[in-house]
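For reference, the structure discussed in these notes is given below.
In what follows, chains are A, B, ... by sequence order, proteins preceding strands, each numbered from 1.
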2 protein chains.
Amino acid sequence: MLSAIMEDYLKAIYSLQNETDGRVRTSVLAEYIDVEQSTVTSMMKKLSERDFVQYEPYKGVELTDTGVPIALEIIRHHRLLERYLTDHLEYDWAEVHDEADRLEHHISSKFADRIAEQLGQPAVDPHGDPIPTADLDVSGAKDGERLADHQVGDSVQIVRVPDTDPDLLRYLSKHGIHPGTVVDVVEIAPFGMVTLDPDNGDGPVALPEEVARSISTQSLTQSSH
Amino acid sequence: MLSAIMEDYLKAIYSLQNETDGRVRTSVLAEYIDVEQSTVTSMMKKLSERDFVQYEPYKGVELTDTGVPIALEIIRHHRLLERYLTDHLEYDWAEVHDEADRLEHHISSKFADRIAEQLGQPAVDPHGDPIPTADLDVSGAKDGERLADHQVGDSVQIVRVPDTDPDLLRYLSKHGIHPGTVVDVVEIAPFGMVTLDPDNGDGPVALPEEVARSISTQSLTQSSH
DNA sequence: GAAAAGAATTAGACATGGCTAAATTTATAA
DNA sequence: TTATAAATTTAGCCATGTCTAATTCTTTTC
Ligand SMILES: [Mn+2]
Ligand SMILES: [Mn+2]
Ligand SMILES: [Mn+2]
Ligand SMILES: [Mn+2]
């Protein structure tokens, strides 16, 4: 029906659309998928031909109502696989992304539903990203603030971390930072370094601002002190 | 490194080689993979170019020492996946083949090793086919006799059944026939129908000769009566 | 041991998903 | 508002894997 490559384009458009809202530009997609812009242009023509995207030359592209569920299905596969790999097959959370990124295109929906069942219908993947339900509902997914947006002294809970950089993930887990961890913001240096103190007593952790901006958080209404 | 399609060719050559021994002919491979002969010819050129097969035009093809382990790795993946789908994800043995046939090319060796561990290093897949070990040893695999080769009155144990036809598999399991089942050969009709009586009391089962020829068995040294 | 039949290969085409280099359109700056 | 820069698309090429039709072996058959 749809090649793995086309599915990756739809998934990419979905993600970029949610970050930047509005149309996704050719250059942005090319960068994200790591192909030349001309390659994106020709793929957009094919996808819009088949009505998965609404493509306006020189303006950008947007998923149609046909395209969205396909992207969500793949994202569901991806996140369920990640959860399964960590929970049942003893993978480290730093190494699940690549395996899931391949398999997401090849497992059946039945397979996905069965592992979801095994896992007890999990709501989020190991990095805190929400897993669409079997009927592709993602209403539980809210953006939340970013770690970089808080003030010194704030106590916040980690909600989501980016899942593509294994080194970052290893660094974070080494310092006890996972979705759910509560941290105090200890210092924000003028050159953009954010220092945190996780509540697990592992001592302070420093993160570059760019990383802090990519981590989603939830403000605790009242911190415990 | 190697496309999923090339892997399928190597796997096919391996299987056909073991059935017919000697070189595998273009026509046989074409039939098996379900492509035109000319397609096989051009693929054989590519595979022999890369030294996975030894190809002699007009004579046929054979796996090289480079090609064999690749075929075995894929077969290992396939059979472990089948075992996993039935044992851990509640698939019926009739429906595992297609899912495994896709996924076999996309899981990592690590994934395969992890599910093997989960399953307790199983020796055979749900259809009785032997699973190569992690170091690709298949010494445990012996051909055995076929069900069609026995005489009326023989008591034999089912060892392997063909795994590609879901209807046959459903029929067999409905009548209690699995690898391990012990059956008495009750009747062999002149037009080739073989009638069996499984030891589970589910009553006699009739099978066309062609099917009986595709089922591997193990003679019981002395039957129980 | 020719001729006919059968099997296999070659030739040429097509679809998919890439790339580079050359237009062309849109945005920015003078 | 025109010139320059940046983004995007078009044109043309390549690799993979497949097909059909034509050709060239091989094997049978008489
Ligand atoms: Mn992917
Ligand atoms: Mn993830
Ligand atoms: Mn396969
Ligand atoms: Mn099997």
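Atom CE of M1(A) is separated from atom P of dA15(C) by 16 Å (rounded to the nearest Å). Between M44(A) atom CE and dG17(C) atom C1' the separation is 12 Å, expressed in whole Å. The CE atom of M6(A) sits 8 Å away from the C1' atom of dT16(C) (whole-angstrom rounding). Rounded to an integer number of Å, the gap from I5(A) CD1 to dT16(D) P is 14 Å. One interatomic measurement links the two molecules: CZ of R23(B) to P of dT26(D), which rounds to 12 Å at whole-angstrom precision. Rounded to an integer number of Å, the gap from CD of E31(B) to C1' of dG6(C) is 16 Å. Rounded to an integer number of Å, the gap from CD of Q37(B) to P of dA11(C) is 18 Å. What separates CE of M43(A) from P of dT8(D) is a distance of 18 Å, to the nearest Å.
Distances shown here put a side-chain N or O of R25(B) below 4.0 Å from the OP1 or OP2 atom of dA8(C). For the pair Y55(A) and dT8(D), the criterion of a side-chain N or O lying under 4.0 Å from OP1 or OP2 is not met. For K59(A), no side-chain nitrogen or oxygen approaches OP1 or OP2 of dA7(D) to under 4.0 Å. Taking side-chain N and O atoms only, Y58(A) has no distance below 4.0 Å to OP1 or OP2 of dT10(D). OP1 or OP2 of dG17(D) lies within a sub-4.0 Å distance of a side-chain N or O belonging to S3(B). Proximity of T39(B) to the phosphate of dC19(D): a side-chain N or O atom is located under 4.0 Å from OP1 or OP2. For the OP1/OP2 pair of dT18(D) and a distance below 4.0 Å, the side-chain nitrogens and oxygens of S38(B) include no atom meeting the criterion.
Residue-to-nucleotide proximity on DNA chain D shows that, of R50(B) and E36(B), the 5′-proximal contact is made by R50(B). Mapped onto DNA chain D by nearest heavy atom, K45(A) and D34(B) fall at different nucleotides, with K45(A) at the one closer to the 5' end. DNA chain C is contacted by both V35(A) and S42(B); S42(B) maps to the nucleotide lying nearer its 5′ end (nearest heavy atom per residue).
Comparing dT9(C), dT18(D), dT9(D) by their closest approach to the side chain of Y9(B) singles out dT18(D).
A distance-only check finds a donor-acceptor pair linking the side chain of Q118(B) to the backbone of H88(A) [under 3.5 Å]. Here the side chain of T217(B) pairs a donor or acceptor atom with the backbone of E145(B) at under 3.5 angstrom.
In this structure, a donor-acceptor pair under 3.5 Å is present between the side chains of S108(B) and E99(A).
Ion pairing between a basic and an acidic side chain is recognised when a charged N comes within 4.0 Å of a carboxylate O; R76(A) and D113(A) show such pairing.
Looking at every heavy atom in both residues, Y32(B) comes nearest to L16(B) through CD1-CD2, 3.6 Å.
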